[in-house]
Amino acid sequence: MPEPQKPGRNSLSTSSRRNFICLSFIFFVLLAILHTWPLVLAPGTLSRNDNADTVLHEWTLAWLAHQIVEDPLNLFHTNIFYPDRLTLAYSDHLVIPGIFVAPLFWIGLSPVLIYNLLLITGFALTGWTMSLLIHNWTSSQLAGLISGSLVAFNAFTLTRFPQIQDQHLEFLPAALWALDRLLCRPSVQRAVSLSGWFVLQSLTTGYWLLFTTVAMVGGAAARPREFLAKPRWSFLLHAALAGSVAILLLLPFLLPYWTVSREQGLVRSLDEVARYSAQFGSYLATGGRFHFNLWSESFYINGAESLFPGVVALSLVIVATWSGIAFRNRRARMALSFGLIAFALSFGPAFPGYETLYNVFPLMPGIRNAARFGQLVLVAIAVLAGFGWLTISRSLQNSTISNPRRVILTLGISLLIAVHSEAIRTPISYSVAPETPSEWNIIKSLGSDAVLVIFPFPEPRAFFQNGRYLLYSTSNFTPMLNGYSGFTPPSYRRHADAIQSFPEQVSLDYLRSIGATHLVVEVQNMNNATIDSLKSNRRLQLIFSGQQLTIYALPKGTS
């Protein structure tokens, strides 16, 4: 029989657990503020809007808040790239982050402020939930704080501010926890729990639908005794139930991508994947100031991924591996398994098995940046680092040194400080987000049937310059031919070719023939000859003329 518990022991344990939950949350919020400093001083104006991806994601979040109220069944039919449909599927939909912040849009906060709050929140929640998982698995608070820090604040996440989805892994630890519970004792309730956490993480971004799948399959494969234990096939049957529920829930969000891939050709070729795959040098690259200045600068290439785990993290992983806990402990073994798989896949087609998976697994052709598998590698390293610290603390506890508790606490805090010292990049160089010019408010008065063409209309290779138009459109979401996303649709190329002669009449006739109703011209960015030609065109109806914008209505007929 188990040893009787002493009076008050359970209540003390519960109280300690609750204190850790609360205090660790505060801890990671403060760390998120530190690693994004000085963003908290002016979150409504400081930004990374100098990167078009930031603006794209601000627009996406604003669109979700708008459309889930106005017309949720047409969530993927956005106002960009008219007349294309399902244009939200040209990039990450950001459904879960969008639901997080929708109320902030409804009360009138700006897209820039909301994006920055979501950025800080993503760092904090990711570190916090991982710390809770590792604390649950190891009963060590320091292990939890170290692992949470390594997942949230690392060479990858701290160089990806324009990609808001990369800071939001807060549901992955819960999915790993649910998988562990299902392996230990399969049940319908635990299978549904696993599918729920899996779906939540998968709906943050399409990449993490794939990466979470790899984590689940790789983690389960590391525990064959459990998934093949009696009653035979129990785990596999319940895992199939979890997968079926997840697919059913994800299907409305997967079908638009499937449709776009078939109709628009949104499939990443192996040659394209090879260009965005990791090199061995990627795992030596970091933007952390200490390592960057000392030795890593030659490996840090702007635009490539930075995946150096850190000296502390690698040291703790070596401890976990050398001591054998990485193999003996079933939970640590899960991380080791999916970490090795992700490491191999991060090299893209250079890894011999990648092409086979690309041809067999439906999600793979939608992945362009194979190097991002490296983020899952960093997750695995963070988990193993927690078990490495557990090994060290147990060894110290069982040693003959005087006051081992103080030594453990001192060493643990020192390692925690070292983790953040290795990763820190602050102060971050932000730009000041430009405000939407007041003249753009006139677009609201053009009517619900208006379809815009905004000039300058960037050529396809520079269509990221449409980013500011996306941000300007968040106040009205009027349909427009302009757009920016992770994919340049064929329609945009056709439009750009057809209006090369703008403002000659043939280009205006083309625009009207595809449904455009208004020209919006940024006066300061157009040459005088174009402005004069538009003014002299009697077929155009002048709607508005200001210092920054001129708006014309296109004639209803074509010549």
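No hydrogens, no waters, no symmetry mates; every other heavy atom, side chains included, goes into these values.
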**OP:** State, with a plain yes or no, whether a side-chain heavy atom of Phe361 is found less than 4.5 Å away from one of Thr213.
**Re:** yes
Original post:
Looking at residues at least two apart in the chain, or sitting in another chain, which of them share a ring-ring contact (aromatic ring centres under 6.0 Å, His included) with Phe161?
Top reply: Phe123
Subject >> Six-ring centre of Phe327, Arg333 cation under 6.0 angstrom, axis tolerance 45° >> reply: no
Original post:
Do His168 and Glu170 get their side chains close enough for a donor-acceptor pair, meaning under 3.5 Å?
Top reply: yes
Subject >> Polar contact flag, side-chain donor to acceptor under 3.5 angstrom, His93-Thr60 >> reply: no
Original post:
Do you see a donor-acceptor pair shorter than 3.5 Å between the side chains of Thr87 and Thr78?
Top reply: yes
Original post:
For the rings on Tyr283 and Phe343, is their centre-to-centre separation under 6.0 Å?
Top reply: yes
Subject >> Full working for ring pair (Phe, Tyr, Trp, His ring centres under 6.0 Å) between Phe347 and Tyr354 >> reply: CA-CA 9 Å; Phe347 293 97; Tyr354 194 96; over 10 Å; no
Original post:
Taking the six-membered ring where the residue is Trp, are the ring centres of Phe463 and Tyr484 under 6.0 Å apart?
Top reply: yes
Original post:
Is it true that Trp295 and Phe308 have ring centroids separated by less than 6.0 Å?
Top reply: yes
Original post:
Going by heavy atoms in the side chains, are Glu422 and Asn154 under 4.5 Å from each other?
Top reply: no
**OP:** Answer whether the closest heavy-atom distance between the side chains of Pro365 and Arg268 falls below 4.5 Å.
**Re:** no
Subject >> Asp166-Thr157 side chain donor-acceptor pair, cut-off 3.5 Å >> reply: no
Subject >> Minimum-distance pair of heavy atoms, taken over all atoms of Asn49 and Val112 >> reply: ND2-CG2, 3.8 Å
Original post:
Below 6.0 angstrom between ring centroids: does that apply to Phe373 and Phe211?
Top reply: yes
Original post:
Is there a donor in the side chain of His57 and an acceptor in the side chain of Gln163, or the other way round, less than 3.5 Å apart?
Top reply: no
Original post:
Which residues pass the side-chain hydrogen bond (donor to acceptor under 3.5 Å, both in side chains) test with Arg405, sequence neighbours left out?
Top reply: none
**OP:** May I ask you to decide if Ala143's main-chain N or O and Thr138's side chain share a donor-acceptor pair within less than 3.5 Å?
**Re:** no
Subject >> Pairing residues for Phe171 by the ring-ring contact (aromatic ring centres under 6.0 Å, His included) criterion, not counting sequence neighbours >> reply: none
